[in-house]
Each structure stands twice: as C-alpha cells, then as structure tokens.
Amino acid sequence: MTSTVELPVHKEESGDKAARGPRRRVPGRVRRIGLPYLLLLPALILELLVHLVPMIIGIVMSFKELTQFYIRDWGAAPWAGLDNFRMSVDFDAPVGEALLHSFLVTVGFTLASVGLCWLIGTTAAICMQDTFRGRGLLRALFLVPYALPVYAAVITWVFMFQHDNGLVNHVLHDQLGVTDKPSFWLIGDNSFIALLVVSVWKGWPFAFLIVMAGLQNIPRELYEAAALDGAGMWQQIRRITLPSLGAVNQVLILVLFLWTFNDFNTPYVLFGKSAPEAADLISVHIYQASFVTWNFGTGSAMSVLLLLFLLLVTGVYLVVTSRGRRASRA
C-alpha cells in the first residue's frame, strides 16, 4: 500500500507567479506588434521625403505669385490666394482655354490607350493559356516592350516616325501603298495617332502580365465542365474568364488609367518641350506652363487641380466597382 504525500502549495507564491506571468509576456507581444511598423518606418520616411514633401511644397507654391523673379528665393514670392486657380479654370481666357483643350485631349488619349492596352493584353493572355511549342518564347517576347527603358524605346519610335526615312512611312507608303504620300507623324493631327501607338505598344505587356497571372487562379475544371455542357470558346470567356478576372481587371484598369493620364516621359521624348496641339497632354502642358513660361504658381495650381481630379475619379471608380462586386455576390 503506497501513500501519497501532498505538498503544501503556498497560495501567496502561486498568486505572485500568476501575477508576474502576463507581465513577462507583454514586452514580447509589444515587440511582435511593433516590429512590422518598425520595418515599414524606412519606407515611410523615404515616401515622405520623395513624395509628400514635394507635394506639400507644390500646394504652397500654387497660392503664390511665383515667377522667374522669385526663383532664387521662392518663399519671398507674394501670396496670390486663389488667383492662380481662377486663371486656370477661366475657360474664356487663353490660359484656361488651353488647359481645357489639353484636358480633353488627355481624357480621349487615356480612354483609347487604356482600352486598347486592356483588350490586347487580355487577348494575348487568353491565347497563351493553352500549352503549345514556343509558348515560353512568345511570352518573353511579349514582355520586351515593358522591359525596355522608356527613353530608349520612344527614341526608337521617333526614328521610325521620321517623314523622309522612317520605317512607318516606308511600310505604309512605299511597300503597302496605304497612303498617297509620306505622312508627318510627329506634327499635326497625326501626332495623336503616333502618341497612341507608342503608348499602347509599351503599355499592353503590363496588362498581359497581370491578366496572365490572374488566369492562373481559375480552375481548369470549370472550362472542362463548360466544354462538356457544350459551351464554346466565346461562351467560356464570357461566362468564366471575364467574371473570374473582375477583381484583377478592377486594379489593372485603375493603374493603367493613372499611369497613362500622368504619363510625361512618352510625349516629352516623342515631341520635345512643345507638343503638337493634337497631342498636347496635360502633363506636358503643365510642364510648359511651369518651366517654359516660368510661371510656377500657375503650373502648381494646375498640378493641384489635376491631383484633385485624379483623386475624385479614383474614389468614384472604387465606390462603383465595389458596389458592383457586392451586388454580383448577393
């Protein structure tokens, strides 16, 4: 027969341990919670220095009468209040009329470029889904325009659009006979077409890459079941592919819109400091108002108006798309 001896437990000591236990775990918990914010701190500081600080300075400049006479000490420029904004939105005056024309050109250019980039990228991504010989090589070739530096690619297009010895006129006029005479692509009304071609050429591979990644998340069983039910290719794309890519397309179209609307490198390299009237995008127009006419106050006011417009469009777009997504789920 064995006997067990119960050791007395000191209630006060156990109570102290229970009280001390959570206190020892608090620093580790705080450390775990604060570590992600600590890791984000360098990026946040860099974001403040690179984006937010110049943005705040630009907003302050938009309320000043800042011309070439105050470049050395822009803080001493007199306050203009809302005069720069009034001048920019006065569409009966030359400054406002030119800004409105540039805005309308930019809207038309952006809608056409984003639509074509999405259409070509989505079509190419769907065609590249099936396995065939050389698919990897074609995917790599499709991404070449997106991987090339912007300046190198656009300068190449400048040579191709030359009037006398450019490749575009050589093919369209000399080889195919589409045009009666060689066309001027970098001046006049054709400059809009040239700008649109270059923008789509370098932008659609990004849409192709994003849509191709989104297609990887669609189960192949859905297509197999649809094929067994007699659904053709177009029905599968309409009923399966496009609805499954809804969230991906929402982000893709928004990013393409913001990039295209703010694009400065492409028109600047293609046309120089003074873009033709048919291709006068608002980014180049603001540059001319700031650094060509040396009226930094008016240029800053135009930039602030552009920022407000893009914020408004982004907010409305996100609200509409989110409501549509919730309605489709319900």
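Please read these numbers as outputs of a predicted model, since none were measured by experiment. Values below: every heavy atom of this structure, side chains too, minus hydrogens, waters and symmetry copies.
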Is the NZ or CZ atom of Arg139 positioned over Phe142's six-membered ring, under 6.0 angstrom from the centre and within 45° of the axis?
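The answer is no, since Arg139 fails at least one limit relative to Phe142.
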[X] versus [Y]: any side-chain heavy-atom pair under 4.5 Å?
| X | Y | answer |
| --- | --- | --- |
| Tyr223 | Ile218 | yes |
| Asn262 | Leu310 | yes |
| Tyr70 | Pro78 | yes |
| Val248 | Asn217 | no |
| Gln162 | Leu186 | yes |
| Leu307 | Met55 | yes |
| Trp294 | Thr67 | no |
| Gln216 | Gln129 | yes |

Does [X] have more than 12 heavy atoms from other residues, nucleotides or ligands lying within 6.0 Å of its [atom1]?
| X | atom1 | value |
| --- | --- | --- |
| Glu65 | CD | no |
| Trp79 | CH2 | yes |
| Gln236 | CD | yes |
| Asp90 | CG | yes |
| Asp174 | CG | yes |
| Tyr37 | OH | no |
| Arg239 | CZ | no |
| Phe69 | CZ | no |

Just do the side chain to side chain donor-acceptor pair (under 3.5 Å) check on Asn169 and His173 with the steps written out, would you?
CA-CA 5 Å; Asn169 279 333; His173 177 67; over 6 Å; no
Name each donor-acceptor pair under 3.5 Å that joins a side chain in residues 111-123 to protein atoms two or more places apart or in another chain, with its distance.
unit_1, atom_1, unit_2, atom_2, d
Ser113, OG, Ser199, OG, 2.8
Trp118, NE1, Thr122, OG1, 3.4
Trp118, NE1, Asn249, OD1, 2.9
Thr122, OG1, Trp118, O, 2.7
Thr123, OG1, Leu119, O, 2.7

Rounded to the nearest 0.5 Å, what separation is found between the [atom1] atom of [X] and the [atom2] atom of [Y]?
| X | Y | atom1 | atom2 | result |
| --- | --- | --- | --- | --- |
| Leu196 | Thr266 | CG | OG1 | 11.5 Å |
| Leu100 | Ile282 | CG | CD1 | 9.5 Å |
| Thr156 | Phe161 | OG1 | CZ | 11.5 Å |
| Met233 | Ile126 | CE | CD1 | 8.5 Å |
| Phe159 | Leu167 | CZ | CG | 13.0 Å |
| Met128 | Leu215 | CE | CG | 12.0 Å |

Just checking Phe103 against Phe309, ring centres under 6.0 Å apart?
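For Phe103 and Phe309, the ring centres are under 6.0 Å apart.
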Can we call the ring centroids of Phe296 and Phe291 under 6.0 Å apart?
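Ring centroids of Phe296 and Phe291 are less than 6.0 Å from each other.
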Taking [Y]'s backbone N and O only, do any of them form a donor-acceptor pair with [X]'s side chain (distance below 3.5 Å, no angle check)?
| X | Y | value |
| --- | --- | --- |
| Tyr317 | Gln250 | yes |
| Ser102 | Ala98 | no |
| Ser290 | Tyr287 | no |

Over all atoms of both residues, closest heavy-atom pair of [X] and [Y]:
| X | Y | answer |
| --- | --- | --- |
| Met212 | Ala125 | N-CB, 3.8 Å |
| Glu277 | His101 | O-CE1, 2.9 Å |
| Leu39 | Pro42 | O-CD, 3.3 Å |
| Ala279 | Ser191 | CB-OG, 3.7 Å |

Same apolar cluster: [X] and [Y], side chain cutoff 4.5 Å:
| X | Y | result |
| --- | --- | --- |
| Leu256 | Phe208 | no |
| Phe257 | Tyr146 | yes |
| Val284 | Val154 | no |
| Val105 | Leu306 | no |
| Leu258 | Val313 | yes |

Assess whether side chain to side chain contact (heavy atoms under 4.5 Å, CB included) is satisfied between Leu138 and Phe132, documenting all intermediate values.
CA-CA 10 Å; Leu138 283 178; Phe132 57 89; 3.8 Å; yes
Classify the ring geometry between Phe192 and Phe109 as parallel (under 30°), tilted (30 to 60°) or perpendicular (over 60°).
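The rings of Phe192 and Phe109 stand perpendicular, inter-plane angle above 60°.
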What residue among Asn265, Asp263, Val269 forms side chain to side chain contact (heavy atoms under 4.5 Å, CB included) with Pro267?
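Of the listed options, the one satisfying the test is Asp263.
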Please report the C-alpha distance between Leu308 and Leu312 in whole Å, then the side-chain angles of each, then the deciding distance to 0.1 Å, and finally whether the side chain to side chain contact (heavy atoms under 4.5 Å, CB included) criterion is met.
CA-CA 6 Å; Leu308 295 176; Leu312 178 62; over 6 Å; no
For Asp280, enumerate each residue passing the salt bridge (charged side-chain N to carboxylate O under 4.0 Å, His left out) test, keeping only those at least two apart in sequence or located in another chain.
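So Asp280 forms no salt bridge (charged side-chain N to carboxylate O under 4.0 Å, His left out) with any residue.
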Are His170 and Gln175 close enough, and set up right, to give a side chain to side chain contact (heavy atoms under 4.5 Å, CB included), and what steps lead you there?
CA-CA 6 Å; His170 176 70; Gln175 300 295 327; 3.1 Å; yes
Checking side chain to side chain contact (heavy atoms under 4.5 Å, CB included) for the pair Phe91/Leu99: CA distance, chi angles, key distance, verdict?
CA-CA 8 Å; Phe91 302 134; Leu99 181 62; 5.5 Å; no
Enumerate donor-acceptor pairs with a distance under 3.5 Å from any side-chain N or O in residues 80-88 to protein atoms, sequence neighbours excluded.
unit_1, atom_1, unit_2, atom_2, d
Asp83, OD1, Arg86, NH1, 2.8
Asn84, ND2, Ser62, O, 2.8
Asn84, ND2, Lys64, O, 2.9
Ser88, OG, Asn84, O, 2.8

